[in-house]
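Take this structure, written in structure tokens, and hold onto it; I'll ask about it next.
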Amino acid sequence: MEADTVTIAFRDKSRGYEISPDRVPLTFLTAVSKDVQDFIKGPGKDIDMAEVEVCIRHGSLAIQSGHVVSASLVADIQALSRSTDLAKVSKRRREIVRKWQERAHRVKGFVVRIATPWTGNDILVSGETNYREARSSRVVTVERYIKGEILDLGGVTDSNAHIKLPDGQKLTIKTDRELIRSEPRNLVYREVHLRIRAKLDLDTQKLSDPELISFVDYEPKFDPNRFAEAVRKGREAWRDVGDPAEWVRSIRGEN
């Protein structure tokens with residue numbers, strides 16, 4: 001088996017600046033260095049860590065390991081690229097990815113990127129991902145009404161609605177082309193109400209795989225003329241009722 005290079009890059013702005021080889025907290029560098037060592041070593045049965053060499057690169061802070069020869073690491077990396085189910089990954093690496101995932105959910109902007117020659121795409125661990133053991137996951141399908149500004153709608157290959165929520169978060173919702181065509185209004189850059197279907201993780205309360213059910217026609221307005229007409233009809237209907245409260249009690253059979 002030939003030796004390959006593994007790059008694990010960290011992005012973090014939680015201290016008010018983006019970490020880099022030029023500036024990084026010592027405690028952070030110490031912690032992630034140990035994480036990288038433990039991740040590469042894994043079970044430790046098929047890799048000689050004495051042969052592994054590293055260098056620090058930009059990106060924001062990337063630890064690049066050379067001379068890596070490990071069949072178990074290849075298998076775990078490929079498993080992570082195919083699924084977010086950590087049950088398919090060896091125990092030690094599973095614990096490290098779980099640790100990164102928990103930090104990404106807790107610290108906004110924390111991202112870990114793993115680049116290797118063994119997969120077509122880099123592996124990302126971020127606040128948008130949910131790496132966990134599938135057997136312990138509690139996910140249900142729910143319908144929700146949400147409000148937000150549509151930033152983009154449609155697409156060449158996949159039809160999606162890109163929504164900016166009131167708290168600033170962005171959500172990509174799968175849409176139906178016919179549903180978009182049937183909508184007479186141009187909703188881009190407008191605040192709208194949507195009815196969606198999604199998967200809800202009962203442990204993290206995060207929504208995933210949202211799909212658009214319908215646009216909700218919700219534009220509340222106050223029409224003083226219609227309100228005055230409703231009041232007039234109400235007074236007319238209750239004109240012969242001397243004591244409304246007594247009338248209600250009689251209808252309930254409380255007298």
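We count residues from 1, following the sequence as given.
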Legend entry - Pair Arg93, Ser72: side-chain N/O donor-acceptor within cut-off below 3.5 Å: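 Result is yes, a qualifying pair exists.
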
Q. Is Lys233 salt-bridged to Glu236, cutoff N-O under 4.0 Å?
A.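 So Lys233 does not pair with Glu236 through a salt bridge.
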
*asked:* A side-chain contact here means heavy atoms from C-beta on lying under 4.5 Å apart; do Ile146 and His193 qualify?
replied: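 They are not in contact (no side-chain heavy atoms under 4.5 Å apart), so the answer is no.
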
* Asked: Is the number of heavy atoms from other residues, nucleotides or ligands within 6.0 Å of CD (Glu183) greater than 12?
  ->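 Counting neighbours around CD of Glu183, more than 12 heavy atoms of other residues, nucleotides or ligands fall under 6.0 Å, so yes.
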
Check the side chains of Thr5 and Gln64 for a donor-acceptor pair under 3.5 angstrom, ignoring hydrogens and angles.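 Result is no, nothing qualifies.
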
Show me the pairs that pass salt bridge (charged side-chain N to carboxylate O under 4.0 Å, His left out) and involve residues 50-61, at least two apart or across chains.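 Those involving residues 50-61 do not exist here.
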
- Looking at Arg249 and Glu246, does any basic side-chain N land under 4.0 Å from a carboxylate oxygen?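 Salt bridge present between Arg249 and Glu246.
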
Taking a hydrophobic cluster as the set of Ile, Leu, Val, Met, Phe, Trp and Tyr residues connected by side-chain heavy atoms closer than 4.5 Å, whether directly or through intermediates, do Ile40 and Leu29 fall within one such cluster?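 Linked, Ile40 and Leu29 end up in one cluster.
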
Review point. Atom CD1 of Ile123 and atom CD of Gln78: how far apart are they, to the nearest 0.5 Å?
Key: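 The distance works out to 9.0 Å.
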
Query raised in the report: To which residues is Leu124 joined in a hydrophobic cluster, defined by side-chain heavy-atom contacts under 4.5 Å among Ile, Leu, Val, Met, Phe, Trp and Tyr, whether direct or through other members?
Result: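 In the cluster with Leu124 are Val111.
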
- Task: Take Lys108 and Ser14, measure what side chain to side chain contact (heavy atoms under 4.5 Å, CB included) needs, and give me the verdict at the end.
- Result: CA-CA 7 Å; Lys108 185 176 181 180; Ser14 61; over 6 Å; no

Q) Does the distance from a Lys or Arg side-chain N to an Asp or Glu carboxylate O, for Asp12 and Arg103, drop under 4.0 Å? A)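 Counted as a salt bridge, because a side-chain N and a carboxylate O are separated by less than 4.0 Å.
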
Fill in: Qualifying ring pair (Phe, Tyr, Trp, His ring centres under 6.0 Å) pairs, either residue in residues 29-52, two or more places apart
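Of all non-adjacent pairs touching residues 29-52, those that pass ring pair (Phe, Tyr, Trp, His ring centres under 6.0 Å) are Phe39-Trp100.
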
Main-chain N/O of Gly127 paired to Lys206 side chain as donor or acceptor, under 3.5 Å: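 Checking the backbone N and O of Gly127 against the side chain of Lys206, a donor-acceptor pair under 3.5 Å is found.
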
Is a side-chain donor-acceptor pair under 3.5 Å present for Ser90 with Asp76?
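Yes.
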
message: Would you call the rings of Phe110 and Phe10 parallel, tilted or perpendicular, taking 30° and 60° as the class edges?
response: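 Ring orientation, 0 to 90° scale: tilted.
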
Regarding Asp35 and Lys99, does a basic nitrogen lie under 4.0 Å from an acidic carboxylate oxygen?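 Yes.
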
